[in-house]
Q: 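Submitted below is the structure of interest, expressed as structure tokens.
All chains are named by letter (A, B, ...) in the order of the sequence lines, taking the proteins before the strands, and each is independently numbered beginning at 1. Everything numeric in this text was worked out from a predicted model, so none of it was measured.
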2 protein chains.
Amino acid sequence: MNIERALQLLKEKGYKRTRQRERMLEIFTGQDHYIAAKAILKKIQEDFPSVSFDTIYRNLYLLTDEEILEATELEGEKHFRLACDTYGHHHHFICTDCGKTKSIAFCPMEQVNENLAEYEVENHKFEIYGKCPQCQV
Amino acid sequence: MNIERALQLLKEKGYKRTRQRERMLEIFTGQDHYIAAKAILKKIQEDFPSVSFDTIYRNLYLLTDEEILEATELEGEKHFRLACDTYGHHHHFICTDCGKTKSIAFCPMEQVNENLAEYEVENHKFEIYGKCPQCQV
DNA sequence: AAATAATTCATAATCATTACGATTTAAAAT
DNA sequence: ATTTTAAATCGTAATGATTATGAATTATTT
């Protein structure tokens, strides 16, 4: 995902192009880290000191719904990153210090041979946690 | 995990045997469901109307640290269940309605062949979400 | 039965998140 | 270029889960 494509997607859906949204996308661009909602807020306040929680959260969820961002919950806080498009469905190693991610192509759902016939599977989560090379002691 | 063993473990560590703790363990016994902290509180209040948040949360975390309970975070709320001892390390299907679980013996870490040599893996999470037979529409 | 150390209770504080009404602003229509 | 209008933002307050605190209580040890 890149800014151009994100803005295009938003336009197609009739959403307005606001400076706050552009700035949010800029913050995410080029990052392969998950970032806490709180951290996004702080970053944006550097340019828009009066931006409110509402704006940030509303937009984070909007962008996630539109699949421009990916979300995950780490230690009770929601974190976000630009949706990856290196390959399709995949998972992540996530650094518990800095949020840096490494993509894991393998999806465990292919291998589960437990009998789940009577269960209606809707979703799954596979994440590996640890320290990236930069964050090791 | 069963009550006797849990109480034994607590005793060995020098923790006191309180009525509240016994009641908590009773509530979990025989359940293969993840239960929200809030729900535990309500249940215990039936017997101890004046029990406080503090008691519940402190004990849920204590029991989790002692590996008597297992915890997971579902929709921003922590949920708990008795640690399974059907077999060793494993994962769960979790019903998003009632919290009922089904054990999944397969662990995806065995299959990951991405090169994580430079990454210090500490932990992982694999959960499948959906509706159990009882909760399907 | 007394001592002591852990535990609980009652309540307040914190932290992330969500909600709301008034105001502003981007984009469409004139 | 101006007006219109619907969406978005701001400022602030509310909510909900969780954590913290200090005094009172209780299980265990002496």
Q: Does K38(B) make a side-chain donor-acceptor contact with the base of dA17(D), cut-off 3.5 Å?
A: no

Q: Taking only the side-chain nitrogens and oxygens of R17(A), find out if one of them lies under 4.0 Å from OP1 or OP2 of dA27(C).
A: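 Looking at the OP1 and OP2 atoms of dA27(C), neither is under 4.0 Å from any side-chain N or O of R17(A).
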
Q: Given dA19(C), is OP1 or OP2 found less than 4.0 Å from the side-chain N or O atoms of Y57(A)?
A: no

Q: With under 30° as parallel and over 60° as perpendicular, where do the rings of H90(A) and H92(A) fit, or are they tilted in between?
A: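 The arrangement is perpendicular - the two ring planes meet at more than 60°.
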
Q: Please collect all side chain to side chain donor-acceptor pair (under 3.5 Å) contacts where either partner lies in residues 20-30 of chain B, sequence neighbours excluded, each pair once.
A: R17(B)-E22(B), R21(B)-N59(B), R23(B)-E26(B), R23(B)-D47(B)

Q: Are the aromatic rings of H79(B) and Y34(B) close, with centres under 6.0 Å apart?
A: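 Not close enough - the centres of the two rings lie 6.0 Å or further apart.
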
Q: Where each residue is assigned the nucleotide of DNA chain D containing its nearest heavy atom, which of H79(B) and L62(A) is assigned the position nearer the 5′ end?
A: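 This one resolves to L62(A).
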
Q: Going by atom types alone, do Q8(B) and E12(B) pair a side-chain donor with an acceptor below 3.5 Å?
A: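 Side chains of Q8(B) and E12(B): pair found under 3.5 Å.
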
Q: Ignoring backbone atoms, test whether Y15(B) places a side-chain nitrogen or oxygen under 4.0 Å from the OP1 or OP2 oxygen of dA27(D).
A: no

Q: Counting only side-chain nitrogens and oxygens, does Q20(B) get under 4.0 Å of the OP1 or OP2 atom of dC9(C)?
A: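 Yes, Q20(B) has a side-chain N/O under 4.0 Å of OP1/OP2 on dC9(C).
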
Q: Hey, does T18(B) reach any base, or is it just sugar-phosphate, or nothing, if we go heavy atoms under 4.0 Å?
A: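 Sugar-phosphate: the residue T18(B), judged by heavy atoms under 4.0 Å, touches backbone atoms but no base.
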
Q: Please work out if D54(A) contacts a base, only the sugar-phosphate, or nothing of the nucleic acid, heavy-atom cut-off 4.0 Å.
A: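 It contacts base atoms.
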
Q: Base, sugar-phosphate alone, or nothing: which one does R58(A) contact when heavy atoms must sit under 4.0 Å apart?
A: base

Q: Answer with base, sugar-phosphate or nothing: what part of the nucleic acid does F53(A) contact at a heavy-atom distance below 4.0 Å?
A: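 It contacts base atoms.
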
Q: For a quick test of reading the model: is some side-chain N or O of S50(B) closer than 4.0 Å to OP1 or OP2 of dA10(C)?
A: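 So the side-chain polar atoms of S50(B) do come within 4.0 Å of the phosphate oxygens OP1 or OP2 of dA10(C), strictly under.
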
Q: What about K78(A), does its side chain sit under 3.5 Å from the base of dA16(C) through a donor-acceptor pair?
A: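 No, the side chain and the base share no sub-3.5 Å donor-acceptor pair.
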
Q: Under 4.0 angstrom, heavy atoms only, what part of the nucleic acid is F48(A) near: base, sugar-phosphate, or nothing?
A: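 Since no nucleic acid heavy atom lies under 4.0 Å of F48(A), the category is nothing.
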
Q: Does a donor on one side chain sit under 3.5 Å from an acceptor on the other, for T64(B) and E70(B)?
A: no

Q: Can you tell me if the side-chain N/O atoms of S52(B) get under 4.0 Å from OP1 or OP2 in dT8(C)?
A: no

